[in-house]
**Student:** 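I have a structure I would like to understand better, so I am pasting it below and will then ask my questions one at a time.
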Amino acid sequence: MDSANSVYDPGQVEAKWQARWRERRTNEPDLDHTPRPFYNLMMFPYPSAEGLHVGNLFAFTGGDVFGRFKRLQGWNVFEPIGFDAFGIHSENFALKMGIHPAELIPRNIANFTRQLTRMGGMFAWEHVLSTTDPAYYKWTQWIFVQLFKRGLAYKKKGLVNWCPTDKTVLANEQVIAGACERCGSLVEQRVLEQWYFRITEYAARLLANLDDKSKMDWSETTAVAQRNWIGRSEGAEVRFAVAENPDVTIAVYTTRPDTLFGATFMVLAPEHPLVIALTAPDQRVAVDAYRAAAAAQDLVSRKVGDKEKTGVPLGAAAINPATGQPIPIWIADYVLMEYGTGAIMAVPAHDERDFAFATRFGLPIRRVVAGPGEAADTPVTDPFVDVDQGRMVNSGDFDGMVPLEAKRAITRWLELAGTGHGTTQYRLYDWCISRQRYWGPPIPIVYCESCGAVPVPEDQLPVLLPPLEDIRPDDSGISPLARDEQWYYVDCPECGKRARRETDVSDTFLDSAWYFLRYPSTDIDEHPFDAERTRRWLPVSSYIGGNEHAVLHLLYSRFVTMALHDAGFLAFEEPFRQFRAHGLIVKDGTKMSKSRGNVVVPDEYINRWGADTFRTYLMFLGPFQEGGDFRDAGISGPRRFLDKIWDLVSAATPGNVPAGVVTKWHQTKQRVTAELELLHYNTAIAALMELVNTVRDADCTDRAVVSELVQMTAPFAPHFAEECWERLGHSESVFDSHWPSFDAALTVESAVTVAVQVNGKTRGTVTVDRDATEAVVRAAAEADEAVRRHLASKTIRKVVYVPQRLVNFVVSD
RNA sequence: GCGAACGUGGCGGAAUUGGUAUACGCGCAGGACUUAGGAUCCUGUGGGGCAACCCGUCCGGGUUCGAGUCCCGGCGUUCGCACCA
């Protein structure tokens with residue numbers, strides 16, 4: 001293989017450099033001393049039995065290209081990887097296979113490790129972690145304890161989402177359109193006692209930081225998704241007195257206090273605590289029946305919109321504080337107990353749902369906003385909802401105002417009258433973290449009859465997951481952990497009396513909400529994250545991952561970081577300085593997934609073409625941040641590109657660079673640098689291909705040009721570049737060289753081609769000196785034959801001249 | 001229904017502030033070298049026309065000397081969220 005003319009053999013080259021990187025610890029930065037730390041993070045995978053598919057590889061390659069680029073620019077890049085191996089996904093698969101997850105997961109991790117190594121990722125394997133490792137989940141439990149101590153973890157009995165297939169509770173975020181995100185089963189409502197994290201307390205800060213560019217520079221699509229999820233809305237809480245008993249008031253939340261005069265009835269959620277007391281005797285039977293039906297209903301039919309409205313009157317009334325008139329009180333399942341106050345003032349004239357309800361049950365409709373072309377007495381056929389348009393009507397002193405103005409005025413009036421106040425609501429719910437399953441970190445709490453719920457002391461962590469044989473969940477709502485009596489009973493850490501353990505495990509999303517804090521400190525046992533390492537490496541410099549985690553993982557990670565910041569453990573409150581969402585690789589028009597049966601396994605492609613060609617191909621097939629359709633049709637293109645560079649390396653000699661090549665060379669360096677910074681990998685590769693074409697057309701074999709071509713190709717084809725670099729006579733890794741710099745003066749071409757238009761239509765081009773004057777360009781343009789034809793017998797009215805771009809003759813007959 | 005993104009050759013996709021539409025790659029056609037080539041190299045490749053030229057970025061309008069790009073109105077695709085008051 002020392003012949004200069006040898007053929008590029010990816011299998012051999014890749015094996016050689018993977019071994020050498022490991023031996024020389026090429027990808028292991030010195031975490032304690034590096035002067036220019038750059039923390040390059042990508043979302044760690046869940047180690048499934050099927051292994052990595054092309055979609056996963058696309059994401060990891062994109063992250064790796066960025067890390068390698070940064071390293072060539074002189075940063076000390078730390079690019080860790082790990083495994084998110086706890087959770088229902090792993091457990092269900094293990095149950096299906098009849099293999100214990102503790103046995104199955106290490107096998108899968110071994111396979112993932114093989115694949116991730118093979119793709120040539122610049123991973124710092126000495127810092128690999130798995131969330132299932134007691135040395136890791138000890139600290140997951142520690143975080144729970146810290147939140148508990150600060151009152152941010154609490155237990156409450158409440159309505160929860162119960163998945164009848166997975167037999168566990170789900171967070172609201174894990175329920176998609178009323179079905180389990182994982183298995184698709186319809187989710188039921190159950191009343192259970194669960195652990196929650198008080199993320200709602202952070203809603204305002206989580207929202208505000210999204211706009212603080214000094215703390216976080218994120219893809220706008222991701223920020224938008226988080227804003228929507230947090231769901232801030234401004235409105236007012238209004239207290240309505242009950243007509244039959246004015247001492248009792250019912251609070252409602254509305255975003256439209258301006259429409260107060262139009263509230264013609266009130267609706268309570270069926271679960272509202274005042275329902276029983278307010279129900280008139282003759283309505284008792286109907287109300288009880290409705291409440292029972294609502295409770296039995298699954299959340300899908302309860303929550304999915306567009307179904308016909310149902311409800312029953314309580315036989316009671318409330319006084320509208322604006323009009324002083326009594327309005328009937330109803331219960332209906334379209335009002336949700338979890339949001340606002342669980343009660344609404346219904347304004348059928350200006351709300352779609354209230355309108356549908358009023359129409360169905362013949363309730364009064366009172367217009368209080370007249371839209372364009374409407375008057376105070378125009379019948380309501382379609383609720384008018386715009387707050388920027390229209391005028392208030394039938395609203396006493398507020399008539400004539402624009403709704404937006406009336407909003408403020410009526411809120412002020414409510415405050416003066418003492419019947420309400422302006423308030424802010426969030427859609428975000430507290431994070432339910434209890435899971436009645438086996439495969440997760442046990443929640444570190446002990447229940448003692450004398451001391452209550454006691455957190456397990458730090459020096460007794462981790463609470464090890466007992467090696468149960470039968471891990472199957474059941475319908476009881478109690479975790480399988482309760483079956484291990486030896487584990488279940490424990491002495492109270494405070495008084496020493498016999499007590500029992502919490503048997504729920506925590507949500508997998510807690511495991512992944514802090515893993516980036518652990519990576520730099522995996523070799524340190526005393527702390528979850530070493531203070532000095534954390535100071536040097538965090539917050540994360542660049543995080544690249546899928547947008548499917550925009551509201552789950554990314555929001556939880558922000559919350560945990562913020563809580564640890566407030567507890568004094570971290571100096572920063574936002575964990576990811578920069579986040580970029582990559583696109584999705586689809587196959588035949590749909591997302592690649594096992595259930596759809598369209599998963600493409602990368603191994604066979606790597607066998608045939610080599611990892612470097614495959615990486616380059618994946619990055620070339622479309623814009624990284626948009627993804628694309630996977631088809632293997634074009635893979636030979638990137639391979640030919642590498643072959644051509646290989647030949648150039650074999651032929652490289654010191655020599656002169658032709659003038660035309662010099663310009664292209666420097667332009668390419670400028671372009672590729674800018675494109676990589678923006679993750680525009682496909683156009684960066686196109687630019688490199690153009691340079692190769694130019695160099696070959698000019699028969700240029702100059703060593704300097706070829707060397708820099710190799711350096712710029714290195715992020716995409718790392719093993720290939722290392723081999724070329726060695727063949728060019730270097731003994732150090734190409735990644736310890738430098739990123740090519742360009743000379744701006746040399747990117748400028750001396751001659752420019754200017755388009756010549758007549759009435760905006762291009763009729764020809766002229767090539768002129770770069771600094772040619774307008775007169776010279778115009779003369780050259782007019783000399784062009786085709787242009788002359790179009791100017792003949794016309795009058796030139798105007799000439800538009802854009803230097804170095806075009807000259808346009810505006811003519812008429 | 002609400003929100004976001006998008007619509008360019010046979011295909012994947014390029015196109016600073018509006019300024020030569022189709023870069024780069026695949027595919028295809030012709031040629032060279034070859035016993036052979038699914039290897040490599042060269043040439044061509046948006047549609048129509050012998051040509052001058054005409055038509056072309058989902059459709060219809062508009063602004064402009066000039067629109068893939070900006071504005072208005074449609075149609076279509078994809079992805080989120082879905083009775084949140």
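Labels below follow one simple rule: chain letters A, B, ... track the order of the sequence lines, proteins then strands, and each chain is numbered from 1. Atom set for the values below is all heavy atoms of this structure, side chains included, hydrogens, waters and symmetry mates excluded.
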**Student:** Base, sugar-phosphate or nothing for A:Arg227? Non-hydrogen atoms, less than 4.0 Å.
**Tutor:** nothing
**Student:** Under 6.0 Å from the ring centre and within 45 degrees of the ring axis: does the NZ or CZ of A:Lys309 meet both conditions for the six-membered ring of A:Phe357?
**Tutor:** no
**Student:** If pairing requires Watson-Crick or G-U wobble contacts with both distances under 3.5 Å, which nucleotide is the partner of B:G9?
**Tutor:**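 Check on B:G9: unpaired, no WC or wobble geometry under 3.5 Å.
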**Student:** Can you tell which of B:G27, B:U20, B:G13 lies closest to the side chain of A:Pro623?
**Tutor:**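 The closest nucleotide is B:G13.
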**Student:** In the strands shown, is B:G73 matched to any nucleotide by a Watson-Crick or G-U wobble pair with both distances under 3.5 Å, and which?
**Tutor:**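 With both distances under 3.5 Å, B:G73 matches B:C59.
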**Student:** For A:Asp354, which contact category applies under a 4.0 Å heavy-atom criterion: base, sugar-phosphate, or nothing?
**Tutor:** nothing
**Student:** Side chain to side chain contact (heavy atoms under 4.5 Å, CB included) with A:Val672: which of A:Thr683, A:Ile685, A:Leu691, A:Leu688?
**Tutor:**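 When side chain to side chain contact (heavy atoms under 4.5 Å, CB included) is applied between A:Val672 and each of A:Thr683, A:Ile685, A:Leu691, A:Leu688, only A:Leu688 qualifies.
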**Student:** Using a heavy-atom cut-off of under 4.0 Å over every strand shown, decide if A:Glu690 touches base, sugar-phosphate, or nothing.
**Tutor:** sugar-phosphate
**Student:** Under a 3.5 Å limit for both distances, which nucleotide forms a Watson-Crick or G-U wobble pair with B:A39, could you say?
**Tutor:** none
**Student:** Nearest to the side chain of A:Thr255 - B:A82, B:C65, B:A85?
**Tutor:** B:A85
**Student:** Give me the distance, rounded to whole Å, that separates B:C54 from B:G73 when you measure between the P atoms they each carry.
**Tutor:** 34 Å
**Student:** A:Asp643 near the nucleic acid: base, sugar-phosphate alone, or nothing, with a heavy-atom cut-off under 4.0 Å?
**Tutor:** nothing
**Student:** Just name whichever nucleotide pairs with B:U45, Watson-Crick or G-U, keeping both distances under 3.5 Å, else none.
**Tutor:**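 B:G27 - that is the nucleotide pairing with B:U45, both distances being under 3.5 Å.
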**Student:** Looking at the rings of A:Trp330 and A:Phe265, which for Trp means the six-membered one, are their centres under 6.0 Å apart?
**Tutor:**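 No - the distance between ring centres of A:Trp330 and A:Phe265 does not fall below the 6.0 Å cut-off.
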**Student:** Distance between the C1' atoms of B:U34 and B:U40, in whole angstroms?
**Tutor:** 11 Å
**Student:** Students often mix this up, so state it plainly: with edges at 30° and 60°, are the rings of A:Phe58 and A:Phe624 parallel, tilted or perpendicular?
**Tutor:**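 Correct class here is tilted.
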**Student:** From the set B:C24, B:A15, B:A82, return the single nucleotide nearest to any side-chain atom of A:Thr683.
**Tutor:** B:A15
**Student:** Please work out if A:Thr765 contacts a base, only the sugar-phosphate, or nothing of the nucleic acid, heavy-atom cut-off 4.0 Å.
**Tutor:**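 Base contact.
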**Student:** Could you tell me how far B:G76 sits from B:G66 if I compare only their C1' atoms? Round to whole Å.
**Tutor:**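 Result for the C1' pair: 29 Å, nearest Å.
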**Student:** Would you classify A:Arg671 as touching base, sugar-phosphate or nothing, given that sugar-phosphate means primed atoms plus P, OP1 and OP2, and contacts are heavy atoms under 4.0 Å?
**Tutor:**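 Answer is nothing: A:Arg671 stays at 4.0 Å or more from every strand.
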**Student:** Write down the distance separating the P atoms in B:U45 and B:U22, rounded off to the nearest Å.
**Tutor:** 12 Å
**Student:** If the P atom of B:G27 is compared with that of B:C11, how far apart are they to the nearest Å?
**Tutor:** 15 Å
**Student:** Looking at A:Ala744 and A:Val748, what are the two nearest heavy atoms and their distance?
**Tutor:**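 Where A:Ala744 meets A:Val748 most closely, the heavy atoms are O-CG2, 3.8 Å.
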**Student:** Would you indicate what A:His790 reaches in the nucleic acid, counting non-hydrogen atoms under 4.0 angstrom: base, sugar-phosphate, or nothing?
**Tutor:** sugar-phosphate
**Student:** Would you call B:G30 syn or anti, using the 90° rule around 0?
**Tutor:** anti
**Student:** Which base sits across from B:G3 as a Watson-Crick or G-U pair, both distances under 3.5 Å?
**Tutor:** B:C79
**Student:** Let's test this: given Watson-Crick or G-U wobble pairing with both distances under 3.5 Å, identify the partner of B:A15.
**Tutor:** none
**Student:** Sort out the partner of B:U20 for me: Watson-Crick or G-U wobble, both distances under 3.5 Å, none otherwise.
**Tutor:** none
**Student:** B:G68 and B:C58: how far apart are their C1' atoms, nearest whole angstrom?
**Tutor:**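 Looking at atom C1' only, B:G68 and B:C58 are 12 Å apart.
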**Student:** Of the listed nucleotides (B:C42, B:C55, B:G66), which one gets closest to any side-chain atom of A:Arg696?
**Tutor:** B:C42
**Student:** Suppose you measure atom C1' in B:A85 against the same atom in B:A4; what distance do you get, rounded to whole Å?
**Tutor:** 24 Å
**Student:** Need one value for A:Leu806: base, sugar-phosphate or nothing, where a base atom within 4.0 Å counts as base even if backbone is also close, heavy atoms only.
**Tutor:** base
**Student:** Between B:U20 and B:A67, how far apart are the C1' atoms? Round to whole Å, please.
**Tutor:** 14 Å
**Student:** Remember a base hit wins even if backbone is also touched, and classify A:Arg640 as base, sugar-phosphate or nothing at under 4.0 Å, heavy atoms.
**Tutor:** sugar-phosphate
**Student:** From the list B:G3, B:C42, B:G25, which nucleotide is the closest neighbour of the side chain of A:Asn228?
**Tutor:**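 The listed nucleotide nearest to A:Asn228's side chain is B:G3.
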